[in-house]
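A short worksheet on the structure shown next.
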Amino acid sequence: MDLRACLDAPLTLAPGQTELLPSGMAVHMADAGMAATVLPRSGLGHKHGIVLGNLVGLIDSDYQGQILISCWNRGIEPFVINPGERVAQLVFVPVLRPRFQVVDEFTPSTRGEGGFGHTGRH
Ligand SMILES: O=c1ccn([C@H]2C[C@H](O)[C@@H](COP(=O)(O)OP(=O)(O)OP(=O)(O)O)O2)c(=O)[nH]1
């Protein structure tokens, strides 16, 4: 779902500037097994350097306020955001709530503790 900049007038983001933009939208999921993520738009990020100041936003299921979009101009040119412009996207995701158990050791797996390139190029 698109998130649009709910602005009265165009807003210029200088290089390096971050602004919290109103989306004009609120949702109440009322389901603890769900959340939403605010993600950047690929074109804005790749071509114009407009990404999210928090990289990814998490909208909690019990949040009832307006969804805000942290817009960061990481580029080298000023960028004008127009009222109603699509600046980010909202994606709903399931949330798993595992129950944890403290153990002395894990059941061995093939990978074990190997990570960070353990199975790839050396
Ligand atoms: O891009 C975002 C990220 C968060 N929020 C809202 C919804 C979310 O449920 C709330 C809190 O977000 P988060 O838990 O990530 O923030 P925090 O910095 O940990 O603050 P808090 O103490 O309010 O949880 O802020 C937004 O509107 N946009």
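Note that the coordinates shown come from a computational prediction; the quantities given were computed from them, not determined experimentally. For ligands, and for the atoms within them, numbers begin at 1 and follow the listed sequence. FYI, side chains are in, hydrogens and waters are out, and symmetry mates aren't considered; it's all heavy atoms of this structure.
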Carefully, step by step, assess Q66 and S23 under the rule side chain to side chain contact (heavy atoms under 4.5 Å, CB included). CA-CA 7 Å; Q66 176 173 200; S23 69; 4.2 Å; yes

Please assess V38 against L3 for the test side chain to side chain contact (heavy atoms under 4.5 Å, CB included), listing each intermediate value before the final yes or no. CA-CA 8 Å; V38 180; L3 288 175; 3.8 Å; yes

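- Contacts of I69 with ligand 1, taken as heavy-atom pairs under 4.0 Å, are absent altogether.
- Applying the 4.0 Å criterion to heavy atoms of L68 picks out, from ligand 1, the atoms 1 (O), 2 (C), 26 (C), 27 (O), 28 (N).
- Protein heavy atoms all stay at least 4.0 Å away from atom 19 (O) of ligand 1.
- Interatomic distance, C71 SG to L21 CG, rounded to the nearest 0.5 Å: 4.0 Å.
- Nearest non-hydrogen protein atom to atom 25 (O) of ligand 1 is Y63 CE1, 4.2 Å.
- The residue among I59, L3, L90, V27 with a heavy atom at the shortest distance from atom 5 (N) of ligand 1 is I59.
- Remark: ligand 1 atoms within the under-4.0 Å shell around heavy atoms of G57 are 1 (O), 2 (C), 3 (C).
- Note that CD of Q89 and CD1 of I69 are 11.0 Å apart. Values are rounded to the nearest 0.5 Å.
- Which parts of ligand 1 touch N54 is read off a 4.0 Å heavy-atom cut-off, strictly below it: atoms 1 (O), 2 (C), 3 (C).
- Annotation for ligand 1: atoms under 4.0 Å from non-hydrogen atoms of I67 are 27 (O).
- Applying the side-chain hydrogen bond (donor to acceptor under 3.5 Å, both in side chains) test to residues at least two apart or on different chains, the pairs with a partner in residues 50-65 are H28-Q64.
- Under the 4.0 Å distance rule, the nearest protein heavy atom to atom 28 (N) of ligand 1 falls inside the cut-off.
- The stretch residues 24-52 participates, sequence neighbours left out, in no salt bridge (Lys or Arg N to Asp or Glu O under 4.0 Å) pair at all.
- Tested against I81 for a side chain to side chain contact (heavy atoms under 4.5 Å, CB included), the candidates V87, T12, N73, L44 yield a single pass: V87.
- Considering only non-hydrogen atoms, atom 14 (O) of ligand 1 lies nearest to D60 out of D60, L58, D62.
- Nearest heavy atom pair, residue P40 against residue L52, reads N-CD1, 3.6 Å.
- Within the 4.0 angstrom cut-off, atom 22 (O) of ligand 1 has no protein heavy-atom neighbours.
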